[in-house]
A.B. asks: 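Questions regarding the structure given below will be posed in turn.
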Amino acid sequence: MSIALVTGAGGLIGSEAVSFLVDQGLDVVGIDNDMRAYFFGAEASTSWRLDELKARHRRFRHVALDIRDFGALENLFAEIGSDLWLVVHAAAQPSHDWAAREPFTDFGVNATGTLNVLEAMRRHAPHASLVFTSTNKVYGDTPNSLPLVERETRWEIDERHQFFARGIDETMSVDQTTHSLFGASKLSADLMVQEYGRYFGMNTACFRGGCLTGGSHSGTELHGFLAYLMKCTVTGRPYTIFGYGGKQVRDNIHANDLVAAIWAYANAPKPARVYNMGGGRFANCSMLEAIEVCEQISGRKLEVSYSDANRRGDHIWWISDMTRFTTDFPDFNLTYDIEATLHDIYEAGRRRWVA
Ligand SMILES: NC(=O)c1ccc[n+]([C@@H]2O[C@H](COP(=O)([O-])OP(=O)(O)OC[C@H]3O[C@@H](n4cnc5c(N)ncnc54)[C@H](O)[C@@H]3O)[C@@H](O)[C@H]2O)c1
């Protein structure tokens, strides 16, 4: 039981997980077919990150298979067999807007791909644990019906509401709401991950992320909000804000903090867990507030334009309540606030972007 398998190994979360797990003394097998370049074009390719990982870590092995290919996936699980200790399942089509362009592709990667991973694991390594990077989009646009108030730089929830102090918890309904096709394919996967935990007793967990980010993010217009914002600020590329006057609020969790949470779960796993995971009250910002920090850090002015139309299903205000997770894992702490995260994105990105 000394091997970890990471899907989406070149991506933001996958690549941070690979480095972290190798440093913990595990051999790591990373699946990635660079489908991100297919989704968003060459600028979003994650091949640079895979090259870095291969150069840096002797105990990392890259396998360029497609998680939609069950036969290839099952062969890999069969080869690793009972040595498998942990699966971090982070491969995905991650954008709302893109999902509507190719619904079959989106569902194939997000939903069927997840079922493939679960079933290959059940057949060949049922005692391993699995963390699935789910999303707060499983709640659809229900958060937009919360009582929100407009402030100078952001939307906020009414102070009298139960979610004001700590954010939105897992009791929010996933029904009767517009998810976007992406949200629906991720929710299908999320339910399967829970079901393999409940029905088969496997140690599976859904980490329902707010915005996940960090210096390793290959940010692009359709995905990776803070990384793309900083990239535009540094390179002089114009940035368009879609809807809500730029006052929409997101919480942001740095990939290092998320990977630390995955590690905590892997060392004391339980079946069928569901956790909201985000920066919470500790690390959240509106677009306008994030732009101000990007400009301060980079010393450059961002060229911003506004579109009145918001993205369909987009949240006006989202802050995650992580109390369920911190109750189960009391030693866990968030370490990156918004400024620290944007500094990391700036330092990691500026040479790459200019090149
Ligand atoms: N980044 C966020 O803000 C955010 C928020 C909530 C949830 N999530 C979820 O977290 C996970 C990781 O997100 P990320 O930001 O690291 O994404 P990412 O796009 O940076 O990484 C995903 C990786 O998966 C690979 N991939 C895609 N389809 C594949 C396939 N069919 N076979 C093999 N590899 C494939 C891509 O090439 C990419 O390298 C995703 O499941 C995403 O839905 C992300």
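Please read all numbers here as calculations on a predicted model, not as lab measurements. For ligands, and for the atoms within them, numbers begin at 1 and follow the listed sequence.
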A.B. asks: What's the shortest distance from atom 17 (O) of ligand 1 to any protein heavy atom, and which residue and atom give it?
C.D. replies: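 The protein heavy atom lying closest is His223 CE1, 4.0 Å.
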
A.B. asks: Decide whether Tyr199 and Met192 are clustered together by the hydrophobic rule: side chain heavy atoms of Ile, Leu, Val, Met, Phe, Trp, Tyr closer than 4.5 Å, transitively.
C.D. replies: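 Same cluster.
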
A.B. asks: Please state which part of Leu65 comes within less than 4.0 Å of ligand 1, counting heavy atoms only: side chain, backbone, both or neither.
C.D. replies: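 Answer for Leu65: backbone.
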
A.B. asks: Using a 4.0 Å cutoff against the non-hydrogen atoms of Gly209, which atoms of ligand 1 qualify?
C.D. replies: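 Under 4.0 Å from Gly209, ligand 1 has these atoms: 6 (C).
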
A.B. asks: Can you tell me which portion of Ile13 lies within the under-4.0 Å heavy-atom range of ligand 1? Options are side chain, backbone, both, or neither.
C.D. replies: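 Answer for Ile13: both.
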
A.B. asks: Which value, rounded to the nearest 0.5 Å, describes the distance between Met202 atom CE and Glu195 atom CD?
C.D. replies: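 With rounding to 0.5 Å, CE (Met202) is 12.0 Å from CD (Glu195).
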
A.B. asks: Considering only heavy atoms of Gly8, which atoms of ligand 1 have at least one such atom less than 4.0 Å away?
C.D. replies: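 Close to Gly8: 23 (C), 24 (O), 25 (C).
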
A.B. asks: Is the distance between the ring centroids of Phe325 and Tyr265 under 6.0 Å?
C.D. replies: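 Centroid distance Tyr265-Phe325: not below 6.0 Å, so no.
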
A.B. asks: Would you say Ser286's side chain and Glu289's backbone share a donor-acceptor pair under 3.5 angstrom?
C.D. replies: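 Confirmed, Ser286 side chain pairs with Glu289 backbone.
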
A.B. asks: Closer than 4.0 angstrom, basic N to acidic O: yes or no for Asp169 and Arg324?
C.D. replies: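 Between Arg324 and Asp169 there is no salt bridge, as every charged N stays at least 4.0 Å from the carboxylate O atoms.
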
A.B. asks: Who's the nearest protein heavy-atom neighbour of atom 39 (O) of ligand 1, and how far?
C.D. replies: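 Protein heavy atom at minimum distance: Asp32 OD2, 2.6 Å.
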
A.B. asks: Asp66 to ligand 1: N or O pair under 3.5 Å?
C.D. replies: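 Yes; at least one N/O pair falls below 3.5 Å.
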
A.B. asks: Please write down residue, atom name and distance for the protein heavy atom closest to atom 18 (P) of ligand 1.
C.D. replies: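 The closest one turns out to be Arg36 NH1, 3.6 Å.
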
A.B. asks: Under 4.0 Å between a side-chain nitrogen and a carboxylate oxygen: does that hold for Arg61 and Glu79?
C.D. replies: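 Result for this pair is yes, salt bridge flagged.
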
A.B. asks: Against the six-membered ring of Tyr244, is Arg154 placed for a cation-pi contact (under 6.0 Å from the centre, within 45° of the normal)?
C.D. replies: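 No, a cation-pi geometry is absent between Arg154 and Tyr244.
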
A.B. asks: State whether the shortest distance between N or O atoms of Thr135 and N or O atoms of ligand 1 falls below 3.5 angstrom.
C.D. replies: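 In fact, backbone or side chain, Thr135 has no N or O that close.
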
A.B. asks: Supply the atom-to-atom distance Trp263 CH2 to Leu21 CG, rounded to the nearest 0.5 angstrom.
C.D. replies: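 It comes to 6.5 Å.
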
A.B. asks: Below 30° counts as parallel, above 60° as perpendicular, anything between as tilted: where do the rings of Phe60 and His62 land?
C.D. replies: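 Rings of Phe60 and His62: parallel, under 30°.
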
A.B. asks: Which residue holds the protein heavy atom closest to atom 43 (O) of ligand 1, what is that atom called, and what is the gap in Å?
C.D. replies: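 Residue, atom and distance for the closest contact: Lys186 NZ, 2.9 Å.
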
A.B. asks: Any heavy atom of Ser15 closer to ligand 1 than 4.0 angstrom?
C.D. replies: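 No, Ser15 has no heavy atom closer than 4.0 Å to ligand 1.
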
A.B. asks: When you measure from atom 21 (O) of ligand 1 to each heavy atom in Gly113, Ala189, Ser185, Gly11, which option holds the nearest one?
C.D. replies: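 It is Gly11 that holds the nearest heavy atom.
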
A.B. asks: In this structure, is the centre-to-centre distance between the rings of Phe77 and His124 below 6.0 Å?
C.D. replies: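 Ring centroids of His124 and Phe77 are no less than 6.0 Å from each other.
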
A.B. asks: Please check whether Met35 reaches ligand 1 - meaning an N/O of the residue sits under 3.5 Å from an N/O of the ligand, judged on distance alone.
C.D. replies: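 N/O-N/O distance under 3.5 Å: yes.
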
A.B. asks: Given that the side chain starts at C-beta and the backbone is N, CA, C, O, which of these parts of Gln93 lies under 4.0 Å from ligand 1, counting heavy atoms, or is it both or neither?
C.D. replies: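 Contact part for Gln93 vs ligand 1: neither.
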
A.B. asks: Got a donor-acceptor contact below 3.5 angstrom from the Asn144 side chain to the Asp314 backbone?
C.D. replies: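 Confirmed, Asn144 side chain pairs with Asp314 backbone.
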
A.B. asks: Considering Ala17, Ser47, Ala64, Ala90, which one's heavy-atom position lies nearest to atom 12 (C) of ligand 1?
C.D. replies: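 Looking at heavy atoms only, Ala90 sits closest to atom 12 (C) of ligand 1.
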
A.B. asks: Is a side-chain donor or acceptor of Thr204 paired with a backbone partner of Val193 at a separation under 3.5 angstrom?
C.D. replies: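 Present.
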
A.B. asks: For atom 14 (P) of ligand 1, what is the nearest protein heavy atom, given as residue, atom name and distance?
C.D. replies: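 For atom 14 (P) of ligand 1, the nearest protein heavy atom comes out as Leu12 CB, 4.0 Å.
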
A.B. asks: For atom 27 (C) of ligand 1, what's the nearest protein heavy-atom neighbour? Residue, atom name and distance, please.
C.D. replies: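 Residue, atom and distance for the closest contact: Ala92 O, 3.4 Å.
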
A.B. asks: Closer than 4.0 angstrom, basic N to acidic O: yes or no for Glu150 and Lys247?
C.D. replies: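 Here Glu150 pairs with Lys247 in a salt bridge, since their nearest N and O are under 4.0 Å apart.
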
A.B. asks: Do side-chain atoms of Gln248 reach the backbone of Gly243 as a donor and acceptor pair under 3.5 angstrom?
C.D. replies: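 Present.
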
A.B. asks: For Asn33, take its heavy atoms, then give the atoms of ligand 1 lying under 4.0 Å from any of them.
C.D. replies: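 In order of numbering, the contacting atoms are 26 (N), 29 (C), 30 (C), 31 (N), 32 (N), 33 (C), 34 (N), 35 (C).
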
A.B. asks: Quick test of your reading of the structure: of Ile31, Thr114, Thr7, Leu212, whose heavy atom lies closest to atom 44 (C) of ligand 1?
C.D. replies: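 Among Ile31, Thr114, Thr7, Leu212, the closest heavy atom to atom 44 (C) of ligand 1 belongs to Leu212.
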
A.B. asks: Does Gly210 come within less than 4.0 angstrom of ligand 1, counting non-hydrogen atoms of the residue?
C.D. replies: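 Flag set, Gly210 near ligand 1.
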
A.B. asks: What is the nearest protein non-hydrogen atom to atom 7 (C) of ligand 1, stated with its residue, atom name and distance?
C.D. replies: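 Protein heavy atom at minimum distance: Ser134 O, 3.1 Å.
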
A.B. asks: Considering only heavy atoms of Val109, which atoms of ligand 1 have at least one such atom less than 4.0 Å away?
C.D. replies: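 By the 4.0 Å cutoff, the relevant atoms are 28 (N), 31 (N).
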
A.B. asks: So which protein heavy atom does atom 32 (N) of ligand 1 come closest to, and at what separation?
C.D. replies: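 Scanning the protein heavy atoms, the shortest distance from atom 32 (N) of ligand 1 goes to Ile67 N, 3.1 Å.
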
